[in-house]
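See below for the structure under consideration.
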2 protein chains.
Amino acid sequence: MTDNDNNKIPTQPVTIQDIAQIADVSIATVSRYLHGHLNRMSAETADRIARIIKENNYVPNKVAQNLKQKTSSTIGIMVANIDDSFSIELYKGAEECLFKLGYELVLINSKGDAKRENQLINDMRNRQLAGLLVQPVQNKLADFKVLSDLGLPTMLLDRHLDEHHWPVIESNNEAISRDLGQMIIDKGYEEVIIVTETVAATTSHQQRAKGICEIVEAAGLITHIIEVDENHFDGEAVHTQIGQLTNHRQIKTALIALNEPLLIQLVGLKIRKNVKYPQQMGIVGYADTPMINILDPDLTLVRQQPIEIGRRAAQMLVAEIRNEEVAEDSVIINAEIIAGNSL
Amino acid sequence: MTDNDNNKIPTQPVTIQDIAQIADVSIATVSRYLHGHLNRMSAETADRIARIIKENNYVPNKVAQNLKQKTSSTIGIMVANIDDSFSIELYKGAEECLFKLGYELVLINSKGDAKRENQLINDMRNRQLAGLLVQPVQNKLADFKVLSDLGLPTMLLDRHLDEHHWPVIESNNEAISRDLGQMIIDKGYEEVIIVTETVAATTSHQQRAKGICEIVEAAGLITHIIEVDENHFDGEAVHTQIGQLTNHRQIKTALIALNEPLLIQLVGLKIRKNVKYPQQMGIVGYADTPMINILDPDLTLVRQQPIEIGRRAAQMLVAEIRNEEVAEDSVIINAEIIAGNSL
DNA sequence: TTGTAGGCGTTATCAT
DNA sequence: ATGATAACGCCTACAA
């Protein structure tokens, strides 16, 4: 190769200045070229600039652009539990959409801890984000002062607050749970045991429990709720508790896990204790990893569309960031019941 | 409250200018304050600035800082498979370390696709990253021109390339696999079936297979390798294949999954086919989620330390970014064998 | 069609 | 102890 510039080791960044100089035009012209204002210059100029940009491998400095335009290309997504594949799927949906549009996605994990959630949001203050996607741990707007003070375009994922303030993209939790309740009734169950997290502050779980209980209790079934600490699941204790609730009477019982980590625990319990379903007991849960079906293809599941939730939220967020007219406010993405043989 | 400035709706960002003006000093002084050069100003000035910063809720604009300092506070982490919890753990380790130090972590998923990997790296060019953590899909430095051309501080995670170019933080794959091989020999197995991905371009898997085979074949055991497409796992086919390799002869066989997704598949198969271990067949795999043990607490596993790998890589990356003396080059993080009852 | 110049918010050098 | 001021790389009226 005749021109040996290409072989320079970590060649230090080329700027719009350099390009302008080499092309013998002003930076304004180069800038215009970069922004596609080709009608504001001669064809030759455009060609020359194009060539020189390519030759010099120039790419504009996004930090400078951001400073000038008072925006940033970074969007934050705060999930409640990075170990729950639901959260990862939210991320995947959002990322897929945002990366294409030139944004980077910064993933933050609140670990289901409200204090940490607020702390992290506060840390975001000087991070110059363009917007925020939040799967909130808290459910009271009043507690979210840090977030509202941020004044950033924000979308809520999967859960909502007591007051409307930001658009929410979530599943039809209550409705699908009523469907599930009806299904349980139709299959002749007489008793329902719901396994949920101790601190069921999340609206998604509240709505699920509500939907199921309303329908099922109206039909005269007995309902129990077992609250467990997801991070310190005690299989034996839960097994005992379930036994106490059911064994003594000969009643047809359905066991419901309100999220995937809990369902995995229950399935593990079932495998270990060698429980036969649906003969001994029906099992169903809210879960989204394909993995769970690998382990047990027979499982009846409530499947949401976390990827779609993430995607929609991302679209809406970008629309708001760009100040385009926001056609829709909150959005419901329907979940569905995947019928297996476990219920 | 008497001062009603605090009640303004999305108050637009306060700048160092504003602070200087209110405090009746120059921005230089404010800047000095911000950087802790308190000895370069009077105590009263410092106090006043401190108060005004607090009152006005000022926080410096990181984009401007980055532009000025020609750095950014964003670090990219490209993982091979976001659906493999190993990758998520890498992220967690890195994030935990980096967030504290004031960096944001952008998560990118190459999906095990070399072409996509190069594409994504190329997209990173104008993103002004401070550094990059990469769990590479490719294993040839020559194919990684995009990455080396980036000229960014980079650390490789979990896998290395044919030539040394960047520091690597990885497990002691070959050694731990030899240990595993020895364990299999000691337990009296006569045959080994290794289940691995079709395109085992990743050095981690190569080393695992190598370590096992070397030891085991030296001891006269028979070894088979079943290559599967992780994304299109055909349980029946694999089951048949295993059957063909074993059923006809009465031989004590150990089944080894070289990563977690594959192990989950095998465990699912085992559960469905109701295989008893270790009587009928031994099972062991490389896996890191606690989840797998929830489903089957008896599993013998090779457990790596992905969080530690991520953490170390992050530390080293930051050291390089800051041009501190890098004490160490590549690093090995030891894996260990968790003895269960499945082997 | 093209160029000039001011400014985005900070940092840091050089004065005073 | 403090203040001007020139960058950093880019965008964009406003001129020409």
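These figures come from a predicted structure and were not determined experimentally. Residue numbers start from 1 in every chain, and the chains themselves are labelled A, B, ... in the order their sequence lines are given, proteins ahead of strands. FYI, side chains are in, hydrogens and waters are out, and symmetry mates aren't considered; it's all heavy atoms of this structure.
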Presence of [X] side-chain N/O under 4.0 Å of [N] phosphate oxygens OP1/OP2:
| X | N | answer |
| --- | --- | --- |
| B:T29 | D:dA1 | no |
| A:T45 | C:dT2 | yes |
| B:S26 | D:dG3 | yes |
| A:S31 | D:dC11 | yes |

Spacing between [X] atom [atom1] and [N] atom [atom2], to the nearest angstrom:
| X | N | atom1 | atom2 | answer |
| --- | --- | --- | --- | --- |
| A:R40 | D:dA15 | CZ | C1' | 12 Å |
| B:I27 | D:dA1 | CD1 | P | 20 Å |
| B:I49 | D:dA1 | CD1 | P | 13 Å |
| A:N66 | C:dT10 | CG | P | 15 Å |
| B:M41 | D:dG3 | CE | P | 10 Å |
| A:D24 | C:dG3 | CG | P | 8 Å |

Report the residue (B:A46 or A:Q69) whose heavy-atom-nearest nucleotide on DNA chain D is the more 5′ of the two. B:A46
If you assign each of B:L67 and A:Q65 to its closest nucleotide in DNA chain D, which residue comes earlier from the 5' end? B:L67
Contact class for [X] vs. all strands (heavy atom < 4.0 Å): base, sugar-phosphate, or nothing?
| X | value |
| --- | --- |
| A:V25 | sugar-phosphate |
| B:S42 | sugar-phosphate |
| A:N39 | sugar-phosphate |
| B:D18 | nothing |
| B:Y33 | nothing |

With the side chain defined as heavy atoms from C-beta on, A:N61 is closest, among D:dC10, C:dT1, D:dA13, to D:dC10
Which nucleotide in C:dT11, C:dG3, D:dC11 has an atom nearest any side-chain atom of A:L34: D:dC11
Could you please spell out the steps behind the side-chain hydrogen bond (donor to acceptor under 3.5 Å, both in side chains) verdict for B:D123 and B:Q119? CA-CA 6 Å; B:D123 288 347; B:Q119 177 63 51; 3.1 Å; yes
In plain terms, say whether [X] and [Y] are close enough for a salt bridge, that is, a side-chain N and a carboxylate O under 4.0 Å apart.
| X | Y | answer |
| --- | --- | --- |
| B:K92 | B:E89 | yes |
| A:R51 | A:E55 | yes |
| A:R159 | A:E170 | no |

Base [N] paired with [X] side chain (donor-acceptor, <3.5 Å):
| X | N | result |
| --- | --- | --- |
| B:K70 | D:dG9 | no |
| B:K68 | C:dT10 | no |
| A:R32 | D:dT12 | no |

Using only heavy-atom distances, determine whether the side chains of A:E104 and A:S73 contain a donor-acceptor pair under 3.5 Å.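 A pair is found: one side chain offers a donor N or O, the other an acceptor, under 3.5 Å apart.
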Shortest non-hydrogen pair, B:S110 vs B:M78, comes out as CB-CG, 4.1 Å
